[in-house]
*Asks:* 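First, the structure itself, so that you have it in front of you.
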Amino acid sequence: IVLFGQQGSLQEVITTIEYRTKGSNAIWHKDLSHFVTLRSAPIDLIVEASPGVVAGQRTSFTVKVRANNSVINENVGIKVDYPIGFRYESSDLGPTFGDNIWHIGDLGEGVEKEITFTGILFGNQGEERAFRFFVGPYTNFSSSELSQVYSSFIHTSSISRPFIATQVLIDGIEDEIVAMKSGETIPVSIKWSNNLPTRIDDVVLEVKIDGGILNQASLQSFNGFYDSNTNIVRWDKSNYPDFASIQPGARNTVNINFASLPLYQSGQLGQDEEIKLSVSISGKKPMEGGSLENIENSIEKIIQINSDLFVVADGFFRLGPFNNQGVVPPVVGQETEYTVTLSVTNSANVVSNAKVTTILPGYVVYKNQVSPATESVSFDPNTREVTWNIGAIARGSGLTQAGKEVSFLVGLTPSISQVGSGPLLTGNIEISARDLFTGKTLRSTDRSVSIRLTNDQGFLSSEARVVAE
């Protein structure tokens, strides 16, 4: 009998005995249950890794598995649960599922196999992060779980400060991923510091900028040299004298600015809405005997570009889907109906939960007519807010494909106090939605709609003022 299971687990063995008594054809049976504790697992799991990890630097883990029984263990898999702040980069054997499960095949008696993976752990000095390792059969290659766990192991890494540190702020934000508007200036500050008790010589700081959305012509590097052929900004002792030798505890900041290209230009939508910054700093640490030790540190940041989401509001009397009643210019004491039309455009990213809102002035009546009637437009008489619930909006809406548009009808009965003025029909128009690529809430605003209907058919400037009669 060969028992499989995790080391230390309790396994139940049920034995059944069948028998007949003399002179009878009846079959009798007796069951006996016995529990067995597995003293060793069928597969040993060994993890080789450093207990200390420098924040932002690459670190490697080697996972070894070895058969601990005399049978062939088929379809062996290794799974790793990463802690928060760890980013997988590569491994000598490609993962079978996601970035944390490897199928290593069959494992016979005495056979040992291993994998090595590399990643970067981010965090603050003194924090501890736990990596959980599992080994067992893995037969469903589309599953994120092993079929069974034979052995498990927990490795804890303590995070320490890098010898030579960089802190990267994008528009003042230290997050690993930062969302920005397209076309706007993106300020990047890189704070460096020497955390060693000795000086560091010949320091080199490089920022590699990847992403087809980068506007190369917009890049400004202060003291550093920007090579547009490689998209690398470099600071060294030739253009930044501080880097000839930085003393213990020394710190300073270098800066670059750049912008993204428009997400929509020349009739085309952008296909790459992301800019990756790879920041590396290196130097030479003097050692006893006059030798030098190379030290380095690296960090990566992602800039995601928000979709361009806009709403445009307009007003009409002669045009539009409704048969507007009344006269223009509007006359005191007589109702004139106006059409308010809202049009929405969205550039490169799909957005969800989109809605447009506006507040109607107290002297404007909502007429409860909407076109198309299938659009979800509501009016709250208590707050006087008109809400157009759009939902999801596709990329390129209103640019490379038909956009979202709705019209609703309002009525204005001017007061004598409004004679000579051009009353507003709405308040400011605001659109909001969630960008499904960046995860950020987008907002933009258009001006309020007044009775100055400059885009209406046959509009005359005299029609933009209330008259007494």
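As a basis for the values below, the full set of heavy atoms in this structure was taken, side chains included, without hydrogen atoms, waters or symmetry mates. Just so you know, these numbers come straight off a predicted model, no measurement behind them.
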*Asks:* Is a donor from one side chain sitting under 3.5 angstrom from an acceptor on the other, for Asn346 and Ser307?
*Replies:*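 Side chains of Asn346 and Ser307: pair found under 3.5 Å.
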*Asks:* Run the numbers on Asp202 and Lys237 for salt bridge (charged side-chain N to carboxylate O under 4.0 Å, His left out), then give the verdict.
*Replies:* CA-CA 7 Å; Asp202 298 329; Lys237 62 184 179 182; 2.9 Å; yes
*Asks:* Please give me the minimum heavy-atom distance between Tyr240 and Thr253, naming the atom from each residue.
*Replies:*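 Heavy-atom minimum between the residues: OH-O, 4.1 Å.
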*Asks:* Hey, does Val344 have a side-chain heavy atom less than 4.5 Å from the side chain of Ile393?
*Replies:*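 Result yes, sub-4.5 Å side-chain heavy-atom pair found.
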*Asks:* Could you tell me whether a side-chain N or O of Asn75 sits under 3.5 Å from a main-chain N or O of Tyr138, the two making a donor and an acceptor?
*Replies:*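 Not a single qualifying donor-acceptor pair exists.
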*Asks:* Determine whether the side chains of Glu128 and Thr156 contain a donor N or O and an acceptor N or O closer than 3.5 Å.
*Replies:*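 Checked: Glu128/Thr156 side chains show no N/O donor-acceptor pair below 3.5 Å.
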*Asks:* In Å, rounded to the nearest 0.5 Å, how long is the span from CG of Leu399 to OG of Ser347?
*Replies:*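 If we round to the nearest 0.5 Å, Leu399:CG and Ser347:OG are 7.0 Å apart.
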*Asks:* Atom OG1 of Thr454 and atom CZ of Phe459: how far apart are they, to the nearest 0.5 Å?
*Replies:*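 Rounded to the nearest 0.5 Å, the OG1-CZ separation comes out at 6.5 Å.
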*Asks:* Ignoring hydrogens and angles, state whether a donor on the side chain of Ser245 or Asp201 is under 3.5 Å from an acceptor on the partner side chain.
*Replies:*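 Indeed, the side chains of Ser245 and Asp201 share at least one donor-acceptor pair under 3.5 Å.
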*Asks:* I would like to know whether Ile275 and Asp210 meet side chain to side chain contact (heavy atoms under 4.5 Å, CB included); could you show each step before the answer?
*Replies:* CA-CA 6 Å; Ile275 297 174; Asp210 292 311; over 6 Å; no
*Asks:* Test your reading of the model: is there a side-chain donor-acceptor pair from Ser143 to the backbone of Asn140, 3.5 Å cut-off?
*Replies:*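 Side chain of Ser143 to backbone of Asn140: no pair is present.
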*Asks:* Regarding Thr438 and Asn306, do their side chains bring together a donor and an acceptor under 3.5 Å, going by distance alone?
*Replies:*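 Present: a donor and an acceptor within the cut-off.
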*Asks:* Do you know which of Ile186, Ile213, Ile177 makes side-chain contact (heavy atoms from CB on, under 4.5 Å) with Ile303?
*Replies:*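 Going through Ile186, Ile213, Ile177 one by one, the side-chain contact (heavy atoms from CB on, under 4.5 Å) with Ile303 is satisfied by Ile186 alone.
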*Asks:* Can a salt bridge be assigned to the pair Asp435 and Lys440 using a cut-off of 4.0 Å between side-chain N and carboxylate O?
*Replies:*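 Not counted as a salt bridge, because no side-chain N and carboxylate O are separated by less than 4.0 Å.
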*Asks:* Is Glu300 paired with Lys276 through a side-chain N to carboxylate O contact shorter than 4.0 Å?
*Replies:*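 Yes, charged N to carboxylate O under 4.0 Å.
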*Asks:* Closest approach of Asn195 and Ala165, non-hydrogen atoms and distance?
*Replies:*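 Closest approach of Asn195 to Ala165, heavy atoms only: ND2-CB, 3.5 Å.
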*Asks:* Could you check whether Phe316 and Tyr338 have their ring centres less than 6.0 Å apart?
*Replies:*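 No, too far apart.
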*Asks:* Can you see whether Asn239 engages Asn223 through a side-chain donor-acceptor pair at a distance of less than 3.5 angstrom?
*Replies:*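 No, no side-chain donor-acceptor pair sits under 3.5 Å.
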*Asks:* Mark yes or no for whether Gln216, through its side chain, and Ser228, through its backbone, hold a donor-acceptor pair below 3.5 Å.
*Replies:*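 Checked: pair present.
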*Asks:* Tell me whether Ser421 contacts the main-chain N or O of Gln418 through its side chain, where contact means a donor paired with an acceptor under 3.5 Å.
*Replies:*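 Pair found, side chain donor or acceptor close to backbone of Gln418.
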*Asks:* Let me confirm one number: the NZ-OG1 distance from Lys301 to Thr166, rounded to the nearest 0.5 Å.
*Replies:*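 So the gap between those two atoms works out to 9.0 Å.
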*Asks:* Hey, does the Lys NZ or Arg CZ of Lys285 hover above the aromatic six-ring of Phe163, less than 6.0 Å from the centre and inside 45° of the axis?
*Replies:*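 The answer is yes, since Lys285 meets both limits relative to Phe163.
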*Asks:* Would you say the side chains of Ser371 and Ser407 form a donor-acceptor pair under 3.5 Å?
*Replies:*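 There is no such pair between these side chains.
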*Asks:* Grab the two heavy atoms, one from Thr413 and one from Gly333, that are nearest each other, plus how far apart they are.
*Replies:*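 Scanning both residues completely, I find the closest heavy atoms to be CG2-C, 3.7 Å.
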*Asks:* Does a donor on one side chain sit under 3.5 Å from an acceptor on the other, for Tyr226 and Asn231?
*Replies:*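 Short answer, yes.
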*Asks:* Do Glu463 and Arg452 meet the salt-bridge criterion of a basic N to acidic O distance under 4.0 Å?
*Replies:*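 No, this pair does not count.
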*Asks:* Please check if the side chain of Arg234 supplies one atom and the backbone of Val207 the other of a donor-acceptor pair under 3.5 Å.
*Replies:*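 Looks like no, no N/O pair under 3.5 Å.
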*Asks:* What's the verdict on side-chain hydrogen bond (donor to acceptor under 3.5 Å, both in side chains) for Asp314 and Thr341, showing C-alpha distance, side-chain angles and the deciding distance?
*Replies:* CA-CA 5 Å; Asp314 215 338; Thr341 298; over 6 Å; no
*Asks:* Under the criterion salt bridge (charged side-chain N to carboxylate O under 4.0 Å, His left out), I'd like the reasoning laid out for Glu296 against Lys284: C-alpha separation, chi angles, the key distance, then a yes or no.
*Replies:* CA-CA 9 Å; Glu296 61 180 17; Lys284 297 175 181 178; over 6 Å; no
*Asks:* How close do Pro137 and Tyr150 get, heavy atom to heavy atom, and via which atoms?
*Replies:*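 That closest heavy-atom pairing would be CD-CZ, 3.6 Å.
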*Asks:* Do side-chain atoms of Arg465 reach the backbone of Pro423 as a donor and acceptor pair under 3.5 angstrom?
*Replies:*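 Flag not set: sc Arg465 to bb Pro423 has no pair under 3.5 Å.
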*Asks:* Answer yes or no: is there a side-chain heavy-atom contact under 4.5 Å between Phe86 and Arg129?
*Replies:*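 No; the side chains remain at least 4.5 Å from each other.
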*Asks:* Starting at CG of Asn194, measure out to CG of Asn252 and round the result to the nearest 0.5 Å.
*Replies:*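 Between Asn194 CG and Asn252 CG, I get 13.0 Å after rounding to 0.5 Å.
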*Asks:* Counting C-beta onward and ignoring hydrogens, is there a side-chain heavy-atom pair between Val365 and Val410 closer than 4.5 Å?
*Replies:*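 No, side chains not in contact.
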*Asks:* Assess the residue pair Phe133 and Val63 against the criterion (side chain to side chain contact (heavy atoms under 4.5 Å, CB included)); give the C-alpha distance rounded to whole Å, side-chain angles, the decisive distance to 0.1 Å, and a yes or no.
*Replies:* CA-CA 8 Å; Phe133 299 82; Val63 186; 3.6 Å; yes
*Asks:* Please find the pair of heavy atoms, one from Gly94 and one from Trp102, that lie closest to each other, and give the distance.
*Replies:*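 Looking at all heavy atoms of both residues, the shortest contact is O-CD1, 3.6 Å.
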*Asks:* State, with a plain yes or no, whether a side-chain heavy atom of Asn324 is found less than 4.5 Å away from one of Leu409.
*Replies:*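 SC-SC contact between Asn324 and Leu409 confirmed.
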*Asks:* Quick check: does any side chain N or O of Asp92 sit under 3.5 Å from a backbone N or O of Thr116, one acting as donor and the other as acceptor?
*Replies:*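 Yes.
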*Asks:* Locate the shortest heavy-atom distance separating Ser144 from Ile101; write the atom from each residue and the value.
*Replies:*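 So the two residues come closest at O-CD1, 3.2 Å.
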*Asks:* Indicate the ring-plane relationship of Phe131 and Phe61, choosing parallel, tilted or perpendicular according to the 30° and 60° boundaries.
*Replies:*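 Rings of Phe131 and Phe61: tilted, as their planes differ by 30° to 60°.
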*Asks:* Roughly how far, to the nearest 0.5 Å, is the CZ atom of Phe243 from the CG atom of Asp236?
*Replies:*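 CZ of Phe243 is found 9.0 Å from CG of Asp236.
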*Asks:* With distance as the sole criterion, is a donor-acceptor pair present between the side chains of Glu174 and Gln167 under 3.5 Å?
*Replies:*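 Present: a donor and an acceptor within the cut-off.
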*Asks:* Quick check: do Leu425 and Ile451 have side-chain heavy atoms less than 4.5 Å from each other?
*Replies:*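 They are in contact (side-chain heavy atoms under 4.5 Å apart), so the answer is yes.
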*Asks:* Under 3.5 Å, is there a donor-acceptor pair between the Ser298 and Arg58 side chains?
*Replies:*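 Result is yes, a qualifying pair exists.
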*Asks:* Thinking salt bridges, do Glu206 and Lys208 make one under a 4.0 Å N-O criterion?
*Replies:*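 Here Glu206 does not pair with Lys208 in a salt bridge, since their nearest N and O are not under 4.0 Å apart.
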*Asks:* Please test Ile299 against Phe122 for side chain to side chain contact (heavy atoms under 4.5 Å, CB included), starting from the C-alpha separation and ending with a verdict.
*Replies:* CA-CA 9 Å; Ile299 190 170; Phe122 298 94; 3.7 Å; yes
*Asks:* Identify every side-chain donor-acceptor pair in residues 259-271 under 3.5 Å, counting partners at least two apart or on other chains, and give the distances.
*Replies:*
unit_1 : atom_1 : unit_2 : atom_2 : d
Ser260 : OG     : Gly183 : N      : 3.0
Gln271 : NE2    : Leu269 : O      : 3.4

*Asks:* Could you tell me if the side chain of Glu337 sits less than 4.5 Å from the side chain of Phe322, heavy atoms only?
*Replies:*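 No. Closest side-chain heavy atoms not under 4.5 Å.
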*Asks:* Can a donor-acceptor pair be found, under 3.5 Å and without considering hydrogens, that links the side chain of Asp380 to the backbone of Asn382?
*Replies:*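 Indeed, once roles are kept as given, a pair shorter than 3.5 Å links the two residues.
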*Asks:* Report yes if some heavy atom in the side chain of Leu342 is under 4.5 Å from a heavy atom in the side chain of Phe408; otherwise report no.
*Replies:*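 Yes; the side chains approach each other to less than 4.5 Å.
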*Asks:* A side-chain contact here means heavy atoms from C-beta on lying under 4.5 Å apart; do Ile164 and Trp192 qualify?
*Replies:*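 Heavy-atom side-chain distance check fails, nothing below 4.5 Å.
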*Asks:* Show the numbers, then the answer: is there a side chain to side chain contact (heavy atoms under 4.5 Å, CB included) between Ile359 and Thr426?
*Replies:* CA-CA 6 Å; Ile359 303 293; Thr426 71; over 6 Å; no
*Asks:* Nearest 0.5 Å, please: how far is CG in Asp99 from OH in Tyr82?
*Replies:*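 Separation between the atoms: 5.0 Å.
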*Asks:* Verify the distance criterion only: is there a donor paired with an acceptor across the side chains of Ser189 and Asn255 at less than 3.5 Å?
*Replies:*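 Asn255 and Ser189 do have a side-chain donor-acceptor pair below 3.5 Å.
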*Asks:* Can you confirm whether the side chains of Thr118 and Ser60 place a donor and an acceptor under 3.5 Å from each other?
*Replies:*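 Their side chains do contain a donor-acceptor pair, which is all the 3.5 Å distance test asks for.
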